[in-house]
Amino acid sequence: MGRGQRAVKRLFASPEKYSRNFPLRNGTRARFLPSTFRMAGFRLFDLNEAQREAVTTTDGPLLILAGAGTGKTRVITARAAYLIAQGADPASVLAVTFTNKAAKEMRERLASMIEKSEAKKVTMATFHALCVRLLRSGIDRLGYKNNFTIYDESDQMGLLRKIINQTAARDEKLEPNLAKNLISKAKNNHWSAPADEQTLIGAVYARYQTALKNLNAVDFDDLLVLCVQLLDGHPDVRAKWQARFRYLMVDEFQDTNKLQLQLVTLLSGPERNVCVVGDDDQSIYGWRGAEVSNILEFEHHFPNPKVVKLEENYRSTNPILAAANAVIKNNPRRRPKHLRSNIAGDEKVRLIQMPDDRQEAQFIAEEIHRRQMQTGEAFENFAVLFRMNAQSRLLEGNLRELKIPYRVIGGKSFFDRREVKDVIAYATALLNPDDDISLLRIINTPARGISAMTTERALELSVQRRCSLFAALQLPEFAESLPAKARESIRAFARLLTDYEAKLHTPLADAAAVWSALIEEVGYLADMKRSCKVADDALKRESNVRDLIETLRQRAQPEAAQRVWSSLDAKSGAESLRGFLDDLALKNEREDEDDDKGSGVTLITLHAAKGLEFPHVYLIGLEEGLLPHDRSKMEGTVDEERRLLYVGITRAMRTLALTHCSTRIKFGSAAACSPSSFIKELPDEHLERLDLATILSKPVEATDAKAWFAKMRAAIGAPS
DNA sequence: AATCGTCTGCTTTTT
DNA sequence: GCAGACGATT
């Protein structure tokens, strides 16, 4: 058995294990081995040539071009470990990621490589979390208060909706969503709000920005904008952080936007120890402001870097990689790369034509069912990838019919649920009563006799007086203008908040208890139960709320807490609550998604699939108009669609099926579809072209008994 | 204040 | 075809 096949076998036996332990490349030997390294249980010779070069390059700019499945995370963590083994102060190492998940994973891996106490000192955070950290300690220099609130997307939308309503003339219309996107784009390009307010969007932008500042709130983009402003405009602050972080590492560099690049530049001191890792071929977030040019023109931003290419793929079989390579080759403007793999794999990539989307879904569900029965392959090993979330519906139906467990990734976030937003708004209002958006959310939830009319009047007054809503509510003249009943309701509400605010700020206050008591006192859960028709629903919501409070309670106990930051200090109730809310705002943690054990077939968009891998992948809807999406052609971003396909293909470890339909239901009615123009870019020699009718007319293949027995043998640990 | 019905307008979504 | 927003109704 050759090396390649051995790798395949290991891969097949236990993909989870495989992804953690890379195969040793025989014949590679470390030329020297620092003893700290060996003691830390980390072996340099577990890396291939290129990986080793990346890991051991410690000084100056370093660009690691890491193709899909080439051990990117491993290299970053190994490099952090190596830096420390070479004598770098752990606290001077900063690794920046895009997701909390990636940061967490890295932290865990590092902890397994070096002393735990050392690993803890390394800063591993998302861009946004890093910015929050810098801003909490220095935003006052920019005229904000340090207790600022972070607005997530829906807070932002709420504020924008309000402002558009106030600003737009009767005949003017502006989609809040469009406004949000335009403003985000503006912020990323350093366009400040126009002073003239000529256009509606300009006026909305200007007012939005003023409103945020008055609310003492910042949106996600502001976190970066303000952080850049802080570092750029205040040399002393810049010097402080540059001295702190001497070694920078940035993951998924192809996804960074202008501001993030600027931030990296500002943080890198005179030594320019900046190591970025990424893959231009996997840049699929251009529409969100990501600049592929950051990685394509890295030399321009950080002159004379060392460039290391990781092209050895440990994930996919050769036919799959051949398809991926062939497709991506058609993109202009890329750093040429050619992924190689030792995993032979004799199964070709299947390209299957389907009559319509119904049968596409049905076929996939049935085939997964059949394959699971025949080979005993776990459902978790299968994934269906698609361009649009809406495509998951049909699949869900068919999977349910066959009683196949599945999980849909994406869709509604935990934090979009009403009850979660409500209780968070209560907490936010306690910390920052001037945050009108949170206040508006809770002012009459549950109903406490403050009518929409009253709120409207208070809001008007707050605009006139240029004060917060909370302040306006308490103006004596406002009270006088109200009927006695409303006046009393408002008095009670204001007192409620001030009381609890005071409780929160007493020394040694237990934030979770204060919060919980407030929710209890206003009778939130009781009200929730009353208004829920389905009892099950109410229970779920109640448990969501309790979970949230429970999480805070656990965090407040120091040892149970997972610290993002290395410094551990005693925290007041307000501080611990604020830290909690910061994390929540920056964490898009979705329920039930974290575990991939026992969760069944994965249904996921191509975007969300980046960074994941599955033994068996179905990539559906390869049709012109869907992938590439119609809109991309108008916007001239077909390259990015191709990268999307590339990302999809490279998720597959062992088998890959691509499907396209002749007809598909679009917006409620059937529409004819032609195959995606990307299909002709696929290499014929690694492709098996099929259509549903011929597959179905053939008798079902005899059970692959060999595979089944091999599986069973592996399961009971018998030699093969 | 809550609920019902009609209208609209459709990617992707790390924080 | 479906969800989300908004306006009219009770």
Side-chain angles (χ1 to χ4, degrees), chain A residues 96-105 125-132 150-157 161 165 173 175-178 180-181 184 188 218-224 227 251-252 254-257 259-260 282-290 357 385-391 393-394 409-413 415-416 444-453 527 530-531 533 582-590 593 604-612 621 625-635 637 640-641 643-645 647-648 664-671:
Chain A
V96 191
T97 62
F98 274 84
T99 64
N100 292 295
K101 196 177 155 204
K104 190 178 156 207
E105 195 183 316
T126 64
F127 272 104
H128 296 266
L130 176 71
C131 289
V132 171
I150 302 165
Y151 272 18
D152 71 11
E153 214 144 305
S154 61
D155 299 324
Q156 195 185 359
M157 289 285 276
R161 218 168 265 135
N165 283 339
K173 258 195 299 190
E175 285 284 316
N177 200 40
L178 179 67
K180 189 200 73 190
N181 289 335
S184 177
N188 280 297
V218 301
D219 63 24
F220 282 150
D221 292 317
D222 283 344
L223 288 174
L224 294 163
C227 216
D251 190 17
E252 305 279 18
Q254 78 280 355
D255 292 337
T256 51
N257 61 27
L259 288 169
Q260 286 155 339
Q282 292 187 68
S283 163
I284 53 173
Y285 285 103
W287 51 276
R288 278 190 124 229
D357 47 349
L385 275 52
F386 37 77
R387 179 67 233 263
M388 288 194 297
N389 284 121
Q391 288 174 266
R393 280 233 176 79
L394 278 174
I409 302 213
K412 285 241 167 349
S413 160
F415 297 104
D416 285 342
N444 204 32
T445 313
R448 55 170 70 84
I450 304 174
S451 71
M453 196 52 207
D527 182 70
R530 204 180 42 74
S531 64
K533 281 182 187 146
D582 277 358
D583 278 6
L584 284 188
L586 298 178
K587 191 182 282 181
N588 213 7
E589 186 182 276
R590 284 169 172 149
E593 271 182 25
I604 192 171
T605 62
L606 289 164
H607 282 93
K610 196 181 71 168
L612 306 178
L626 239 192
L627 184 68
H629 196 275
D630 269 332
R631 222 132 138 168
S632 72
K633 283 187 256 185
M634 301 193 266
E635 287 163 11
T637 53
E640 187 155 303
E641 299 286 304
R643 292 194 288 262
L644 212 40
L645 174 58
V647 167
R664 168 178 301 278
I665 308 285
K666 273 183 183 167
F667 305 138
S669 51

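Below, read A as the first sequence line, B as the second, and so on, with proteins coming before strands; counting in each chain starts at 1. This structure is a prediction, so every number in the text was calculated from the model and none was measured.
- Here, B:dT12 and C:dA5 have their P atoms 16 Å apart, quoted to the whole Å.
- If you check B:dT12, B:dC10, B:dT15 against the side chain of A:His607, the one that comes closest is B:dT12.
- Contact annotation for A:Gln254: no contact, since no heavy-atom pair falls under 4.0 Å across all strands.
- The side-chain ring of A:Phe127 is not stacked on the base of B:dT15, judged by centre separation under 5.5 angstrom and plane angle under 30 degrees.
- Among all heavy-atom pairs drawn from A:Ile665 and A:Asp357, the shortest one is N-OD2, 3.2 Å.
- A salt bridge is defined here as a Lys NZ or Arg NE, NH1 or NH2 lying under 4.0 Å from an Asp or Glu carboxylate O, and A:Arg387 with A:Glu641 meets this definition.
- The glycosidic torsion of B:dT11 lies within 90° of 0, placing the base in the syn range.
- When the side-chain nitrogen and oxygen atoms of A:Asn444 are compared with OP1 and OP2 of B:dA1, one or more of them lie within a distance under 4.0 Å.
- Across the protein-nucleic acid pair, A:Ile150 atom CD1 and B:dT15 atom P stand 13 Å apart, rounded to whole Å.
- Closest of all the heavy-atom pairs between A:Ala129 and A:Leu586 is CA-CD1, 3.5 Å.
- Regarding A:Asp251, its CG atom lies at a distance of 13 Å from the P atom of B:dT15, rounded to whole Å.
- Look at A:Asn100 and you'll find a side-chain N or O under 4.0 angstrom from OP1 or OP2 of B:dT15.
- Residue order along DNA chain B, read from the 5' end via each residue's closest nucleotide, puts A:Ile450 first among A:Glu641 and A:Ile450.
- Taking every side-chain heavy atom of A:Met388 into account, B:dT12 is the closest of B:dT12, B:dT13, B:dT14.
- Look at A:Ser632 and you won't find any side-chain N or O under 4.0 angstrom from OP1 or OP2 of B:dT11.
- Counting to the nearest Å, the P atom of B:dT13 and the CG atom of A:Asp219 are 20 Å from each other.
- Between B:dT14, C:dA3, B:dT15, one nucleotide has an atom nearer to the side chain of A:Arg393 than all others, and that is C:dA3.
- Inter-residue side-chain proximity for A:Leu626 and A:Gln391 is flagged as met; some heavy-atom pair is nearer than 4.5 Å.
- Here B:dT15 is the nucleotide among B:dT13, B:dT11, B:dT15 with the atom lying nearest to any side-chain atom of A:Leu586.
- For the C1' atoms, the distance linking C:dC6 with B:dT11 amounts to 25 Å, nearest Å.
- Between A:Met157 atom CE and C:dG4 atom P there is a gap of 12 Å when expressed in whole angstrom units.
- The interatomic distance linking A:Tyr285 (OH) with B:dT14 (C1') rounds to 6 Å, in whole Å.
- When the P atom of B:dG9 is taken as reference, atom CZ of A:Phe667 falls 12 Å away, rounded to whole Å.
- Contact annotation: A:Asn389 side-chain N/O to B:dC10 OP1/OP2 distance is not under 4.0 Å.
- Looking at A:Gln282, A:Lys610, A:Arg288 one by one, the single match for side-chain hydrogen bond (donor to acceptor under 3.5 Å, both in side chains) with A:Asp255 turns out to be A:Lys610.
- Regarding A:Leu606, its CG atom lies at a distance of 14 Å from the C1' atom of B:dT13, rounded to whole Å.
- Using a 4.0 Å heavy-atom criterion, one finds that A:Gln260 contacts no nucleic acid atom at all.
- When the P atom is used for both B:dT13 and C:dG4, the distance is 15 Å, rounded to whole Å.
- At a threshold of 4.0 angstrom between heavy atoms, the contacts of A:Asp221 with the nucleic acid are absent.
- Here the C1' atom of nucleotide B:dT13 and the CG atom of A:Asn257 are 14 Å apart, to the nearest Å.
- Summarising the geometry, atom OG belonging to A:Ser632 is positioned 13.5 Å from atom CH2 belonging to A:Trp287; distances are rounded to the nearest 0.5 Å.
- Out of B:dT11, B:dT12, B:dT15, the shortest distance to the side chain of A:His128 is found at B:dT15.
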